[in-house]
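Worksheet for the structure shown next.
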Amino acid sequence: MTAELRELYQSVIIDHGRHPRNFGALANANHHHEGFNPLCGDRILIHAQTQNDRVEKIMFEGSGCAISMASASLMSDLLLKKTRAEIETVFADFHQLITTGHANQDLGKLRVMSGVHEFPLRVKCATLAWHALLAALRDVSGKVTTEDEEPI
Amino acid sequence: MTAELRELYQSVIIDHGRHPRNFGALANANHHHEGFNPLCGDRILIHAQTQNDRVEKIMFEGSGCAISMASASLMSDLLLKKTRAEIETVFADFHQLITTGHANQDLGKLRVMSGVHEFPLRVKCATLAWHALLAALRDVSGKVTTEDEEPI
Amino acid sequence: MCVLQWGIRMRLDIHKDFPILDQNIHGRPLVYLDSAASSQKPKAVIEAMTHYYEHDHANIHRGIYTLSERATVLHDQARDRVKQFINAKSSAEIIFVRGTTEAINLAAHSYGRSQLRAGDEIIVSVMEHHANIVPWQMLAASVGAHIKVIPLLPTGDLDMENYASLFSPRTRLVAITHASNVLGTVNPIKKITAIAHAHHVPVLVDGAQAVPHLSVDVQDLDCDFYVFSAHKMYGPTGIGVLYGKQALLENMPPWQGGGDMIAQVSFSGTTYAPLPAKFEAGTPAIAEAIGLHAAIDYIETIGMPAIMAHEAALMAYAKTRLGDIPGFRFIGMAKEKVGVIAFTLDDIHPHDMGTILDRSGIAIRAGHHCAMPLVMSLGLPAVARVSFGIYSRRADVDALVKGLYAVKKVLA
Amino acid sequence: MCVLQWGIRMRLDIHKDFPILDQNIHGRPLVYLDSAASSQKPKAVIEAMTHYYEHDHANIHRGIYTLSERATVLHDQARDRVKQFINAKSSAEIIFVRGTTEAINLAAHSYGRSQLRAGDEIIVSVMEHHANIVPWQMLAASVGAHIKVIPLLPTGDLDMENYASLFSPRTRLVAITHASNVLGTVNPIKKITAIAHAHHVPVLVDGAQAVPHLSVDVQDLDCDFYVFSAHKMYGPTGIGVLYGKQALLENMPPWQGGGDMIAQVSFSGTTYAPLPAKFEAGTPAIAEAIGLHAAIDYIETIGMPAIMAHEAALMAYAKTRLGDIPGFRFIGMAKEKVGVIAFTLDDIHPHDMGTILDRSGIAIRAGHHCAMPLVMSLGLPAVARVSFGIYSRRADVDALVKGLYAVKKVLA
Ligand SMILES: Cc1ncc(COP(=O)(O)O)c(C=O)c1O
Ligand SMILES: Cc1ncc(COP(=O)(O)O)c(C=O)c1O
């Protein structure tokens, strides 16, 4: 096994991928959005519950690869109590992390995703849930697809 | 000038090409047909007058290269008193002449066209008037084009 | 191992005809197992196109000089070669297009829009590639027709009884794949055309996955249209074929307009050229036609029977080796298959498999394979697929098996 | 002779970049004077495609392994290169097609059939290539629209006053060539788009004969569509470009259906992918896109200003030399011209000229040049045409002059 693969598939990721946190429906969610990655057929349905513009709870459903599931799971744990604007800032840093390997600010547990930067084809997997969450919070109707991700 | 060119552009051909015999309308023609060669835009309108199934007179109008004009001119001189069936036989021999350089039977004056066989792209020019005449005698409506000629 | 002696010799040599295969990926020898998406090209095909550009190129038709004549003859010969390859009656029945997709769109626009009316029906199968679904959906939406779908049996074979029951007096076309790009299933085209013709319904066959693997005889199959892409049969990108029975093609209106598809143009009216020019507007893919010719020569030099024997032996070997891996599950167990294996491994997502295998130099495909309805009908979000070509070897299967064990270890 | 020092150096070297030019035809060195029909290809373009097939080929999009990633990146880069070359705003505005003809058909089918109604009008000019006439005639016939034709002035320039007078409240599109493939006339596109836009009418520009000879800036021209073929600009056969303003393209329905142009397919409904994928169904001409990229690199390495200076100098030389031949008549005397000269010689039929010149190794074109309405409006059954490329030299003109004297002698 190569070092890059070890870095990508860290045990935290495999654990979150296999046993995603916050997986399932969310009864009193007030935002929903479906994200779709035509590359591999992955589909993530995000439910978010906000109060005074702050996210109180995130749950998700769907299926996908280890990277997209782990990313959704970690995200759903780590963004609570944030506003949409704050989440957008975190996402910008997260995006930098997974495309370059380092980020402007300490992203805490999200750092386990940094191995993605050696696998440009997997950036779309790592961002699917984020795109869906942001679209949900923006109350965009329809579906986002990772085709909106800039080409690698 | 190469020998093949001299053979193709014999003085008889240049003469017939420049001063075609039987050029013009034919008042009491009972068969007409237009031939068209999209390769070079050549267009020949054939008028034929028959009596008891024998061709009494052929005239033609239009414009074209030296080869197609000479071929039309020679043809209009040499096929008189023949039936359509006889003309079809002559045409088969003529076609052999201009594609191989020799013919099964003596084609008389038509032999000056044998140089065409070194120039496969010009076979369509040499046969345009013939196709139009045969279509006229068959009373085919519309137009023939040399695209019906087998590919070289 | 090949059944025939020369099959074995072939297997050792063929690999060397394909320059691309001689390289390392991430430091490991390339193992290319995605031929169903696009095959690699033998030197002979690449060189035929290079030779054309370096010696014979000019625009075809209407040129009155030597280069143009040469290019025209080479292009005509390519068409004649395709005619022989699929045993069409006439070269006029061979229309050059960009690929399978454009061929089906041509049929849908020209035949479909001139023949179908509101309430008419088109039969397709659930195993179709998007190329053989979307053009019919667009046609159906535009004229108000309906699409009926042949389901599968659990083996991955077509449900032929259901197929026979789908016909109605409003059925106007059957569009069906010769071989599935996911399951590998080879469909019984002769039976399918016989049933359709009994209802006076024409059949379009998507041969994209069949031509590289089977001897195709369109007269024997008695299909009305047959379509395929050069790039999946060792030929270049940018060219493919629509075969149609001459009487059908002659009655169809042209689709694209432009140069060479007309006999005469004026602002008061335009008359169209005879077949095949009527459907080939504009400068065609000349070098690509010559590359396709070379690909057919390449295939026939080796011989389709040898290719089939080689691929059958390789499939048998792969089934044994892969079947031994704990958690390996074959998707699609049809009796007659081309060299395509769809599978799952434990609960590992195919995309993760693909990434990990790539680090061992192994190229496989993962996802819905442009056949979403099929993959969804299997109840899977995505499947992994390996597919073989003439150059595939037992060593490739061995590498794959080793790679899949590594995948299990990484994700354990 | 070139005005600039480096122009001269260029002229001596360039010829050697094109392997095909180094050959004898009928025992005489090839003099290729039919670049307007199709240009020859420099070694760099041929090699870029060979290199691709020998190292990087795989189907693009959705591949999760290295080769597919490489092929995808190369294909995307080709699109970006085209975007720069014509200065489009975004790569999403660059749609790959087979050539100019398919590009115009795409516009006619997608834009035309969704926007035009019975009684609407399309303006074209009498100097259009069939590719920019027939698709509009077919569209007009299908929706009941009318075609209005801009005539020419005796110089071979467009009658711009007449053009301005053709607009009505029913005008829906102007389709006009940037440069005439027969007369060489370069049309004043900026003026043409300004007038059309004042009437809120979009303009499609046929750039087939312009891109090899001029710097094209679609934003500066402010055209709504711009179309061209790679094979006329030193690139391969089988690929061309439809540029469209993003807002226009986004509102247009897809034309061909299939893989890659969809986001999602099911039998209950299909959603389409964003630009440019929406218009690119099926496996594209991948190697050809890479060849086009190399052709643009080749052009820009030499530099469009150098090319224009070289061709202008060659045209001036040719005009002097040819004008001295008794009985030589230029057809089309527009001030702004690309390197195309149409002519007649005495009353010699161009076809006879072509045959005789070919025996001296000289390739010219004769006939109606897929522009029958123009040639008929000139009152000629056919015209002869020579056209230059980046590799054309004074020696080619000298050979042509000598050849034309020989023609006169043969037919004397
Ligand atoms: C002005 C013009 N438009 C369109 C075309 C058609 O281009 P293509 O045959 O590459 O589609 C040509 C070339 O023949 C041309 O010269
Ligand atoms: C069965 C089948 N049909 C159609 C296609 C589409 O072929 P292309 O993309 O070459 O047009 C493919 C290939 O992806 C295929 O496998």
Side-chain angles (χ1 to χ4, degrees), chain C residues 19-20 25 34 37-38 40-41 46 50 53-55 57-59 62-67 98-99 101-102 105 129-131 133-135 137-138 147 149 229 231 236-239 256-259 262 264-267 270 281-283 285-288 351 354-355 358 363 366-367 370 372-373, chain D residues 19-20 25 34 37-38 40-41 46 50 53-55 57-59 62 64-67 98-99 101-102 105 129-131 133-135 137-138 147 149 229 231 236-239 256-259 262 264-267 270 281-283 285-288 351 354-355 358 363 365-367 370 372-373:
Chain C
I20 199 173
I25 298 286
D34 198 21
S38 194
Q40 298 302 344
K41 322 302 172 198
I46 303 169
T50 298
Y53 281 131
E54 294 194 343
H55 297 88
H57 174 67
N59 212 327
R62 305 177 189 201
I64 48 171
Y65 52 87
T66 303
L67 284 187
R98 181 168 37 249
T101 302
E102 192 188 21
N105 278 278
H129 186 278
H130 293 164
I133 298 175
V134 183
Q137 286 185 325
M138 290 168 73
I147 291 182
V149 184
S229 304
H231 73 92
T237 56
I239 194 163
Q256 299 192 29
I262 48 84
Q264 234 179 315
V265 174
S266 81
F267 284 113
T270 290
T283 303
I286 308 170
E288 292 75 7
H351 206 169
T355 293
D358 183 48
C370 285
M372 281 194 203
Chain D
I20 199 172
I25 298 287
D34 197 21
S38 195
Q40 298 301 345
K41 323 302 171 199
I46 303 169
T50 298
Y53 280 131
E54 294 193 343
H55 297 88
H57 174 67
N59 212 327
R62 305 179 190 200
I64 49 172
Y65 52 88
T66 303
L67 284 187
R98 181 169 36 250
T101 302
E102 192 189 20
N105 278 279
H129 186 279
H130 293 165
I133 297 175
V134 184
Q137 286 184 326
M138 290 168 72
I147 291 182
V149 185
S229 303
H231 72 92
T237 56
I239 194 163
Q256 299 192 30
I262 48 85
Q264 232 179 316
V265 174
S266 81
F267 285 111
T270 290
T283 303
I286 309 170
E288 292 75 7
H351 206 170
T355 293
D358 183 47
R365 199 149 278 246
C370 286
M372 281 194 203

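Between atom NE2 of residue D/His57 and atom CD1 of residue C/Ile46 there is a gap of 10.0 Å, rounded to the nearest 0.5 Å. Atom-to-atom distance recorded for C/Leu67:CG and D/Ile20:CD1 is 5.0 Å, nearest 0.5 angstrom. Atom NE2 of D/His130 sits about 5.0 Å away from atom CD1 of C/Ile262, to the nearest 0.5 Å.
Looking at D/Thr237, its side chain does come within 3.5 Å of a backbone N or O of C/Ala287 through a donor-acceptor pair.
Taking D/Ile239, D/Thr355, D/Thr101 one by one and counting their heavy-atom pairs under 4.5 Å with chain C, the maximum is reached by D/Thr101. The choice from D/Gly99, D/Ser229, D/Ala281 that makes the most heavy-atom pairs within less than 4.5 Å of chain C is D/Ala281. When each of C/Asn105, C/Thr66, C/Ile147, C/Val134 is scored by its heavy-atom pairs under 4.5 Å with chain D, the top score falls to C/Asn105. Most heavy-atom pairs under 4.5 Å with chain D, from the set C/Glu54, C/Met372, C/His55: that is C/Glu54.
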### Message
Could you walk me through whether D/Tyr53 and C/Gln40 satisfy the side-chain contact (heavy atoms from CB on, under 4.5 Å) test, starting with their C-alpha distance in whole Å, then the side-chain angles of each, then the deciding distance to 0.1 Å, before giving a yes or no?
### Response
CA-CA 8 Å; D/Tyr53 280 131; C/Gln40 298 302 344; over 6 Å; no
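With sequence neighbours excluded, the residues forming a side chain to side chain donor-acceptor pair (under 3.5 Å) with C/Glu102 are C/Gln256, D/Arg98, listed by chain and number. Contacts of C/Thr283 classified as side chain to side chain donor-acceptor pair (under 3.5 Å), with partners at least two apart in sequence or in another chain: C/Asn59, D/His231.
C/Pro135 and D/Gly257 get closest at one heavy-atom pair: CG-O, 3.4 Å. Listed here is the closest heavy atom pair of C/Cys370 and D/Gly259: SG-CA, 4.1 Å. Of all non-hydrogen atoms in C/Gly238 and D/Ala285, the two that sit nearest each other are CA-CB, 3.9 Å.
In this structure, chain C has a heavy atom under 4.5 Å from the side chain of D/Ile133, while its backbone stays farther away. Of the atoms belonging to C/Gln137, it is side-chain heavy atoms, and not backbone ones, that fall under 4.5 Å from chain D.
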